[in-house]
Amino acid sequence: MIAMSDIYDRVTELARRRGFIWPSSEIYGSVAGFIDYGPLGALMKRRIEDIWRDFYVIREGYYEIECPTVGVEPIYVASGHVKGFSDKMCQCLRCGEYLRADHAAAGAGVANAGVMPADELACVLRTVPCPSCGEELGDVKVFAFNLMFETSIGPGSQRKGYLRPETAQGIFTDFTRLLRFYRDRLPFGTVQVGKSYRNEISPRQGMIRLREFTQAEAEIFVHPDRKDHPRFDRYASYRVPLLGIEQQQSESAPVEVAMDEAVEKGIIANQYVAYYVALTHDLLVRIGVDGKRLRFRQHMPDERAHYATDCWDAEVLSGRFGWVELVGIADRTDYDLQAHSKASGTALTVFLPLETPRRERRRRIIPDMKALGPRFRGNAKAVADALSASEPGPDGARVTVNGETHLIPPSLYQVREEEVEVRGEEVMPHVIEPSYGIDRMCYAVLEHAYAEEMVEGEVRRVLRFPPPVAPVQAAVFPLVNRDGLDGRAGEIHRDLIGAGILAEYDDSGAIGRRYRRQDEVGTPFAITVDYTTMEDGTVTLRDRDTMAQVRVKREVLILLLRNLIKGTTAFSTLSP
RNA sequence: GCGAUAGUAGUCUAGUGGCAGGACAGAGGCUUCCCAAGCCUUUAGCCCGGGUUCGAAUCCCGGCUAUCGCACCA
């Protein structure tokens, strides 16, 4: 067993040396919060993303879209990121410490510091002591630090843009197009996998907190009153370790609960959230996260965003970082669609027809524009709108426009009682959002896959990736480089590549060294050509985890390897 | 961002002012009938920029990065 405090160092050292993860732009000096994926890291990340797509795009049927990483300012004004993502800060002139301006003021007993504009804060702070050095702050500048990267679009016009802080907004801004694509029905979902950016003040923790990172997000649009998942039975009896609000308050351990029970008992708000909690558990275990070091923690009421009704984080136990959030699953209600609808003036609703249209009596007020126009001039339209929405009395209707109340006599409008057919209703969907941090998942898989064991007095280092995640899928070796063994091994290597299997060929040094080299990068299977191969056409197939070997006929090798790599066949079921 | 500590080959490391050394890894070769064996050859390094000095990996200043603490983490 490896000491937990060491594992981060060992994993990152291996990842650096063998081409998984590198510091970015090293020759010019790296920048914190940015990493490069080397050849094997990029492959592994791609495989994890593709497994994610198997779950969400193929199985759930939520098609993937791709939006720009640069977005115009109004998107992020509407989403709340311009306001909510920025902190008012100031720098102490004496000690140079950067401070949250509102925190400093509040700490000195200033009321409403959190909602105070910058110039007022600066004023208040004059006499406030610096929490760091104790000196009065005096004439400090208060400036907004926004966690979004800013940019400008095009020359001259200087239209302001931001690098997206999450992929979700692109899906919301495409809502009407998507609704049409999905033929005006609920529920439907859309996913996006891509880069997002947050200009963290001080990123640490390697791959855990990055300034540029990859997200995989699904936005599932559901009827606000129908949060039962149509395929809930798939995960109804699936058991997941849950650390609910109750367990956190009593500081007790997570409890294993089946999803149907969790919804019935009200631990999880609805079937949709529960379904994606279970699906996420399924997915994370599939890519190589250790199920014993995985839990789902519910956000405490004061922790979750004000619009979310329920939120669960998939957390994974890291030797270095403790419990780390990999995935957030939230019911975002209609917060985003409301915000974008309001800001853009576009209706972001779904027209849902009733099964049987119902007839309704309605009273309609029809303003006489010919008379209203000359009388109210510029305000005529507003008055007419207010009139239509009013409840007229016998003496007329009272309407308030621009703070003025007018009495409109009955001669200026008609009241018509009519029976209308109501064919359906406009509904603003709620959004269920599972949001995955791909880079953190990659790190968690690396850390959980890393193992050291003693073999004949030597340390063997292995990355025990599940075969579908392993960057290199197979290796081919000649036992020795003579008597035609190397030529035969070369043929087999070409066969594998021709079959779409990513295989490496290695004939250097001793066979044991080659096995170890592949163990270290997690290659699950090795094929060795020996003298028996030359006699009867069989090869040795060696398993990374157990180092066990079986003899396999060359004709079935490719089919067998495909099944082993997919995970549909286990090596342990093969006879030696 | 502040404070402390550190930065020498791909990796780990020795080197307190005087020719930068080793181990492992890598490459080429020999050897080798299944798990980092052995032998020969070989590639490769003082984080960046200034300063002090006859002379700096070493001392000083600044920057960058990493680790820890603080702050930050919608």
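What's counted below: heavy atoms across the whole structure, side chains too, no hydrogens, waters or symmetry copies.
- For the P atoms, the distance from B/rC19 to B/rG49 is 22 Å, rounded to whole Å.
- Rounded to whole Å, the P atom of B/rU58 lies 14 Å from the corresponding atom of B/rG50.
- Following rounding to the nearest Å, A/R551 (CZ) and B/rC34 (P) show an atom-to-atom distance of 12 Å.
- Applying the 3.5 Å distance criterion, the base of B/rC34 shares a donor-acceptor pair with the side chain of A/Q549.
- Distance CE (A/M534) to C1' (B/rC34): 17 Å, rounded to an integer number of Å.
- In this structure, the separation between CD1 on A/I245 and NE2 on A/H299 is 10.5 Å, given to the nearest 0.5 Å.
- Note: CG (A/D507) to P (B/rA36) measures 18 Å, nearest angstrom.
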In B/S/- notation (B base, S sugar-phosphate only, - none; protein heavy atoms under 4.0 Å), nucleotides 60-69 of chain B written 5' to 3' is ----SSSSBB

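- B/rC47 sits 27 Å from B/rU42 when the C1' atoms are compared, rounded to a whole Å.
- Taking atom CD1 of A/I208 as the reference point, atom P of B/rC72 lies 21 Å away to the nearest angstrom.
- Look at CH2 on A/W22: it is 11 Å from P on B/rU11, rounded to the nearest Å.
- Atom pair A/E26:CD and B/rU11:C1' shows a separation of 13 Å (rounding to whole Å applied).
- Under the Watson-Crick or G-U wobble criterion, with both distances below 3.5 Å, B/rG62 is paired with B/rC48.
- When the P atom is compared between B/rA14 and B/rG51, the two are found 30 Å apart, to the nearest whole Å.
- Rounding to the nearest 0.5 Å gives a distance of 9.0 Å between CZ of A/F172 and OG1 of A/T167.
- Nucleotide B/rU16 has no partner under the Watson-Crick or G-U criteria, as no pair reaches both atom distances under 3.5 Å.
- Separating the CD atom of A/E520 from the C1' atom of B/rC35 is a distance of 14 Å, rounded to the nearest angstrom.
- Note that CD of A/E166 is 7.5 Å distant from OH of A/Y76, once rounded to the nearest 0.5 Å.
- Using a 4.0 Å heavy-atom distance criterion, A/R542 is classed as a base contact.
- Within the model, atoms CD of A/E535 and CG of A/D530 stand 9.0 Å from one another, a figure rounded to the nearest 0.5 Å.
- Taking 4.5 Å as the limit, every side-chain heavy atom of A/L163 sits out of range of all side-chain heavy atoms of A/R198.
- A salt bridge (Lys or Arg N to Asp or Glu O under 4.0 Å) with A/R460 is found for exactly one of A/E520, A/E452, A/E453, namely A/E453.
- No side-chain heavy atom of A/S341 sits under 4.5 Å from any side-chain heavy atom of A/F175.
- Nucleotides B/rG15 and B/rG7 are separated by 11 Å at their P atoms, to the nearest Å.
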A/T538/A/D536 under side chain to side chain donor-acceptor pair (under 3.5 Å): CA gap, chis, key distance, verdict
CA-CA 6 Å; A/T538 60; A/D536 66 3; 2.8 Å; yes

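- The P atoms of B/rU16 and B/rA20 are separated by 15 Å, rounded to the nearest whole Å.
- If you check B/rC35, B/rC73, B/rU11 against the side chain of A/R209, the one that comes closest is B/rC73.
- Going from the P atom of B/rC48 to that of B/rU65 covers 15 Å, rounded to whole Å.
- Taking a pair to require two hydrogen-bonding distances under 3.5 Å in either a Watson-Crick or a G-U wobble arrangement, B/rC30 pairs with B/rG38.
- In this structure, CE of A/M454 is placed 17 Å from P of B/rC35, rounded to the nearest angstrom.
- With a 3.5 Å ceiling on both atom-pair distances, the Watson-Crick or G-U wobble partner of B/rU11 is B/rA23.
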What string of B, S and - do you get for nucleotides 24-33 of chain B, 5' to 3', if B is base contact, S is sugar-phosphate-only contact and - is no contact with any protein heavy atom under 4.0 Å?
-SS-----BB

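- Figure legend: cation-pi geometry between A/R10 and A/Y450 absent, as NZ or CZ is not positioned both under 6.0 Å from the six-membered ring centre and within 45° of its axis.
- Pair assignment for B/rU53: none, as no Watson-Crick or G-U wobble contacts are both less than 3.5 Å.
- Pair assignment for B/rG3 gives B/rC68, based on Watson-Crick or G-U wobble hydrogen-bonding distances that are each under 3.5 Å.
- Residues that satisfy the side-chain hydrogen bond (donor to acceptor under 3.5 Å, both in side chains) test with A/Q192, not counting sequence neighbours, are A/R164.
- Taking CG of A/D36 as the reference point, atom CZ of A/R16 lies at 13.0 Å (rounded to 0.5 Å).
- Distance check on atom C1': B/rU11 versus B/rA44 gives 12 Å, rounded to whole Å.
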